[in-house]
Amino acid sequence: MSNILTVAEMGAADAAAIAAGTPGTVLMERAGLAVAEAIRERHRRCRVAVLCGPGNNGGDGYVVARRLKRWGWPVWVEASAPPATPDAKAAAARWRGETVSLGAQRQTDLVVDALYGAGLSRPLDGEAARLARTIPREQVIAIDTPSGLSGDTGQPLKDVAFRAALTVTFHRRKPAHVLQPGRGYCGEVVVADIGLGDTVSALSENSPDLWAHRFPWPSIEAHKHARGRLIVISGEAASTGAARLAARGGLRVGAGLVTVLSPPGALAEHAAQLEAVMLKAFEGEAALAEAAEAADAAVIGPAAGVTAATRANLITLAHTGAALVVDADALTVFKDRPDDLFAALDRDDVLTPHPGEFERIFPGLLKNSPERITAARTAAKRAGAIVLLKGPDTVIAAPDGRAAVNLNGSPWLATAGSGDVLAGLIGGLLAQGMDSFEAACAGAWIHAEAGAGFGPGLIAEDLPGLVPARLADLHGRPPIR
Ligand SMILES: NC(=O)C1=CN([C@@H]2O[C@H](COP(=O)(O)OP(=O)(O)OC[C@H]3O[C@@H](n4cnc5c(N)ncnc54)[C@H](O)[C@@H]3O)[C@@H](O)[C@H]2O)[C@H](O)CC1
Ligand SMILES: [K+]
């Protein structure tokens, strides 16, 4: 399971392993060896300075230095302070090479940042800060986290932290390895196993490991009604493309029947562009309730219009049995009365705000939270629904505390209409009966993979057509052991 652990959870996992009989020095040896091997895999023998801090991060550094030296590398230690912990002292005692003071200004090809990791307690200063600002990142291999970066938030304390080409962390990723800007400071992240066994955490990397075994593949005797009915509420004439993008996303991801519910005035422009997606006119809440009667899922918001009608339509849909995907205008329209929205939702519903929409219905929450995982979790609890907070590090959170972070986001998805397709993907999975948290995770993962796979020049119209290849990957996956 690709969990993400907080610094405290990692400390507890370390302590549990030590309490179960694996000495901290053994964990440190494993950690240091993993870093040394990661270096050897990527670089030919060259001059290496290992910057060691006073704690166990530094302890890892002494192990790295000893290993490299044994392999014949020209390596030395630059210590910011003498080792202060028992494990670090033990590791330093086994280091037989040269130790000089930090910032000895020597010619070096690689720098191992073993100054601070999980124990970072204040911003870098003095020589450490100077080095963080001056050492070119392609020379830097960071142990656990780049020094200066808060492990739990991914924020550099006082904006000073090392930037690394490679970060080797242990056992599981921490928030700093997946949340921006931290992820950018880390460079390539390698997660080394140091034998801590399995740890359960409510926070995971979003990957098929989380939900592929419950993907709603059709059974042999499936017929289109069995694969769920999705409805998409369209905007007014000349604002109808978003609904079609969402509808196509829902159809491609496997919903059996997808219908665009359209204001009468927009019918013609839909009709000219839809084939398998069905089309039905509605006017007013009663007609909507009737048209939504048999829907398993509904997408409302893309280009719906920030109007009283959109607000009324959402409330109407909330009284049907359909699981809702609430996006864009259907979020913004509740800006002044978010509690009305939350009162209408239930835990099967999914909100898909970008940060601006998030701020409108959860004012101040993002900037008052230590990072966006906490913000999304708080929002999900408050809304009583799944919250997917979009961004390069999209976070999916459930009211029950489960959360997942997307690692495969890509800049190509920042194109008009991309969010409409995402809403449709999630709606299509909800229509097939997938658990809402898992449907949001799966939709986000498929959407991101499709975008990353296409790359430059991607437009939203491309996205639905890119879904089958991702489904083929998922369908061909070996069963989860
Ligand atoms: N626990 C284990 O068995 C393992 C730990 N691993 C490594 O250990 C570090 C965490 O070590 P810890 O001693 O808790 O903290 P640090 O080494 O990160 O640093 C704490 C040390 O540094 C001082 N300090 C903190 N911030 C600053 C600062 N800005 N300026 C100066 N000094 C600072 C603080 O006072 C302490 O003295 C973890 O990251 C892993 O690398 C093993 O890898 C696995 C086993
Ligand atoms: K470090």
Side-chain angles (χ1 to χ4, degrees), residues 5-36 38 49-64 67 78-92 102-103 111-132 135 137 140-152 155-174 176-177 182 185-187 189-197 199:
L5 297 186
T6 62
V7 168
E9 286 170 335
M10 181 65 197
D14 275 344
I18 293 168
T22 308
T25 47
V26 168
L27 295 175
M28 189 166 279
E29 284 294 324
R30 291 175 188 164
L33 178 59
V35 177
V50 182
L51 313 184
C52 289
N56 287 341
N57 197 242
D60 294 348
Y62 286 104
V63 175
V64 175
R67 291 287 180 174
E78 297 191 13
S80 67
T85 66
D87 291 356
K89 283 179 184 163
L102 190 63
V111 173
V112 175
D113 161 21
L115 288 171
Y116 312 108
L120 181 76
S121 56
R122 55 188 185 279
L124 299 186
D125 59 11
E127 194 54 28
R130 188 186 69 77
L131 292 171
I135 298 179
R137 73 174 307 162
V140 179
I141 292 101
I143 295 187
D144 201 15
T145 52
S147 299
L149 205 58
S150 157
D152 281 339
Q155 294 295 335
L157 299 190
K158 283 229 174 97
D159 288 334
V160 181
F162 281 79
R163 280 181 165 74
L166 166 69
T167 296
V168 183
T169 189
F170 312 112
H171 184 55
R172 295 288 186 274
R173 280 185 172 82
K174 306 348 171 265
H177 301 117
Y185 277 75
C186 292
V189 175
V190 167
V191 183
D193 178 6
I194 57 171
L196 296 188
T199 40

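Fair warning: this is a prediction, and the values are worked out from it, not measured in the lab. In each ligand, atom 1 is the first atom listed, and ligand 1 is the first ligand listed.
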Checklist entry - Checking Asp152 side chain against Val7 main chain: does a donor-acceptor pair fall under 3.5 Å? => result yes

Checklist outcome for this item: Tyr116 O to Ile143 O via the K ion (ligand 2), rounded to 10°, gives 110°

Item to check | From CA spacing to verdict: side chain to side chain contact (heavy atoms under 4.5 Å, CB included), Phe170, Met10 | outcome: CA-CA 9 Å; Phe170 312 112; Met10 181 65 197; 4.2 Å; yes

Checklist entry - Between the main-chain N or O of Asp144 and the side-chain N or O of His177, is there a donor-acceptor pair closer than 3.5 Å? => result yes

Checklist entry - Under 3.5 Å, is there a donor-acceptor pair between the side chain of Arg67 and the main chain of Ala34? => result no

Next on the checklist: Within rounding of 10°, what is the angle whose vertex is the K ion (ligand 2) and whose arms end at O of Thr145 and OD1 of Asp113?
Outcome noted: 120°

Item to check | Among Val168, Asp113, Val50, Val64, the one residue meeting side chain to side chain contact (heavy atoms under 4.5 Å, CB included) with Ile143 | outcome: Val64

Item to check | the K ion (ligand 2) to nearest N/O/S of Pro146 less than 3.4 Å | outcome: no

Checklist entry - Out of curiosity, Leu196 CG to Thr22 OG1, how far, rounded to the nearest 0.5 Å? => result 8.0 Å

Next on the checklist: Only to 10 degrees, please: what angle do the OG atom of Ser147 and the OD1 atom of Asn57 make about the K ion (ligand 2)?
Outcome noted: 100°

Checklist outcome for this item: Distance filter under 4.0 Å, heavy atoms only, around ligand 1 gives Asp14, Ile18, Gly24, Leu27, Ala31, Pro54, Gly55, Asn56, Asn57, Asp60, Tyr116, Gly117, Ala118, Gly119, Leu120, Ser121, Arg122, Pro123, Leu124, Ile143, Asp144, Phe170, Ile194

Checklist entry - So, does Arg30 use its side chain to make a donor-acceptor pair with the main chain of Ile194 at under 3.5 Å? => result yes

Checklist entry - Is the side chain of Lys158 donor-acceptor paired with the backbone N or O of Pro156 at a distance under 3.5 Å, no angle test? => result no

